[in-house]
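To start, the structure itself, in structure tokens.
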Amino acid sequence: MNRTPTPAAPRTLISPLTLARPRGRLLYWTVFGAVVLLFALAFLFPVYWMVTGAMKAPEELARTPPTVVPESWSLAGYTDAWDLMDLPTHLRNTLVQAAGAWLLQLVFCTAAAYALSQLRPAFGKVVLGGILATLMVPAQALVVPKYLTVADLPLLHLNLLNDPAAIWLPAVANAFNLYLLKRFFDRIPREVLEAAQIDGAGRLRTLVSIVLPMSRPVLGVVSIFALVAVWQDFLWPLMVFSDTGKQPVSVALVQLSQNVPLTVLIGAMVVTSIPMVLLFLVFQRHIIAGISAGSTKG
């Protein structure tokens, strides 16, 4: 009679016998709590320092040694940053640029990845290899060609400088996000797609009704990458937006930082970082799920 082998118990740093003892449990949770607390302090203290820095007076902020807790709490740094640096205008500009780049990138990268993965056109591997080859080209080497392109768009001869399209169009050509989507589509069970074809669904219907709902984790990760890339970019917006009223916050903070107190600048940095923090909190479940993107089971 064959017996199914019992799976071995997972090996850990502390044996189950030690954890069963009161002293062992106390030592384990003490060390565990201390490590978690240290990591929390390492990550949260810089955030606390930045948030409270805008609440200090300029004289207190420049004091040596610095004060950990503000002597007098004041929101003047935030209100002055909102008014003096015209944050509503620059935040709106950044939101328009990031939203357009995200939408176009999601549409075109998803369509291209689906075509390369499921439609398998002729010379598809050659096309994919050419797309991936662009990842080896430094971003700085593409600045001048991109600038000449948006300054005089080929065939149409349009000048896209000081226009959000100058941010949108280069952002669409994102080889990394395209490859990430393609790898996910490659691992979708063939049985699911064949069942959709048997039911009469065309290629487009299969993409919209079957593939995209299954791809929410990877779409969330791609969305984070697309939005953060535009939100934090500095060099390219600096080159294409000479009009101060159309600049995003990444450029405006540097351009206006020479004429405002340090507390106001810190307050502006805190305000402009809030959208990205909220974005992470909203999509954190998709980010974690996207780590195992491609592990879909039939």
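We're numbering straight along the sequence, starting at 1.
The shortest distance between side-chain heavy atoms of V127 and I131 falls below 4.5 Å. Taking the side chain as every heavy atom from C-beta outward, F185 and T110 approach each other to under 4.5 Å. A 4.5 Å side-chain heavy-atom check between V218 and L181 finds at least one atom pair inside the cut-off. M214 is listed as a side-chain neighbour of V192, based on a closest heavy-atom distance under 4.5 Å. At a threshold of 4.5 Å between non-hydrogen side-chain atoms, the residues L142 and V137 count as touching. By the 4.5 Å heavy-atom criterion applied to side chains, T244 and D86 are not counted as neighbours.
To the nearest 0.5 Å, atoms CG (L169) and CZ (F108) are separated by 9.0 Å. Here the OH-CG distance, from Y179 to L135, works out to 10.0 Å after rounding to the nearest 0.5 Å. Interatomic distance, L265 CG to L256 CG, rounded to the nearest 0.5 Å: 9.5 Å. Rounded to the nearest 0.5 Å, atoms CG (L207) and CD (Q118) are 9.5 Å apart. Once rounded to the nearest 0.5 Å, the distance linking CE of M239 with CG of L161 reads 9.0 Å. Atom CG of L104 is separated from atom CG of L106 by 10.0 Å, given to the nearest 0.5 angstrom.
Of the possible polar contacts, one joining the S117 side chain to the D186 backbone as a donor-acceptor pair under 3.5 Å is found. Side chain of Q97 to main chain of V230: no donor-acceptor pair is present (N/O by atom type, distance under 3.5 Å, no hydrogens or angles). A side-chain donor-acceptor contact under 3.5 Å links E60 to the backbone of E71. In this structure a side-chain-to-backbone donor-acceptor pair under 3.5 Å is present from N162 to D243.
Shown are L253, T272, V249; of these, the side chain to side chain contact (heavy atoms under 4.5 Å, CB included) with H90 is made only by V249.
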(request) Determine, stepwise, if the pair W102 / V222 fulfils side-chain contact (heavy atoms from CB on, under 4.5 Å). (result) CA-CA 9 Å; W102 163 75; V222 169; over 6 Å; no
CA sep, side-chain torsions, deciding dist, call: V211, Y114, side-chain contact (heavy atoms from CB on, under 4.5 Å)
CA-CA 9 Å; V211 176; Y114 179 72; 3.8 Å; yes
#### Entry: Intermediate values then yes/no, side-chain contact (heavy atoms from CB on, under 4.5 Å), D163 and K246
CA-CA 8 Å; D163 191 284; K246 296 182 179 180; over 6 Å; no
For the pair V150 and W236, evaluate side-chain contact (heavy atoms from CB on, under 4.5 Å) and give the outcome as yes or no after the intermediate values. CA-CA 11 Å; V150 299; W236 181 243; 4.0 Å; yes
Let's go through S250 and D233 carefully: what are the C-alpha distance in whole Å and the side-chain angles of both, what is the deciding distance for side chain to side chain donor-acceptor pair (under 3.5 Å) to 0.1 Å, and is it a yes or a no? CA-CA 7 Å; S250 59; D233 195 11; over 6 Å; no
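Heavy-atom neighbours of W49 CH2 from other residues, nucleotides or ligands within 6.0 Å: above the threshold of 12. For R63, the CZ atom counts as densely surrounded, since its 6.0 Å shell holds more than 12 non-hydrogen atoms of other residues, nucleotides or ligands. More than 12 heavy-atom neighbours from other residues, nucleotides or ligands sit within 6.0 angstrom of CZ on F234. Residue M276 places its CE atom among more than 12 non-hydrogen atoms of other residues, nucleotides or ligands, all under 6.0 Å distant.
Aromatic ring orientation, F32 versus Y28: parallel (interplanar angle below 30°, classes split at 30° and 60°). Using cut-offs of 30° and 60° for the angle between ring planes, the F225 and F176 rings count as tilted.
Scanning both residues, P237 and P248, for their nearest heavy atoms gives CB-CG, 3.6 Å. The nearest pair of heavy atoms linking A42 to P46 is O-CD, 3.3 Å. Of all non-hydrogen atoms in M55 and L75, the two that sit nearest each other are CE-CD2, 4.0 Å. When all heavy atoms of S215 and F184 are compared, the pair lying nearest together is OG-CE2, 3.3 Å. Smallest separation of non-hydrogen atoms from P170 and K146: CB-CD, 3.9 Å.
Judged by distance alone, the side chains of W231 and T94 never bring a donor and an acceptor atom under 3.5 Å apart. There is no side-chain donor-acceptor pair under 3.5 Å between Q197 and T206.
Following chains of ILVMFWY side-chain contacts shorter than 4.5 Å, one cannot reach V51 starting from F43, and the two form parts of different hydrophobic clusters. Both V271 and W73 are assigned to one and the same hydrophobic cluster, defined by single-linkage of ILVMFWY side chains at heavy-atom distances under 4.5 Å. I167 and L238 fall into different hydrophobic clusters, defined by Ile, Leu, Val, Met, Phe, Trp and Tyr side-chain heavy atoms under 4.5 Å apart, directly or through other members. Cluster annotation: V254 is not connected to M85 through the hydrophobic network of ILVMFWY side chains, with a link wherever side-chain heavy atoms come within less than 4.5 Å. Note on V36 and L27: separate hydrophobic clusters, where clusters join Ile, Leu, Val, Met, Phe, Trp and Tyr whose side-chain heavy atoms are under 4.5 Å apart, directly or indirectly.
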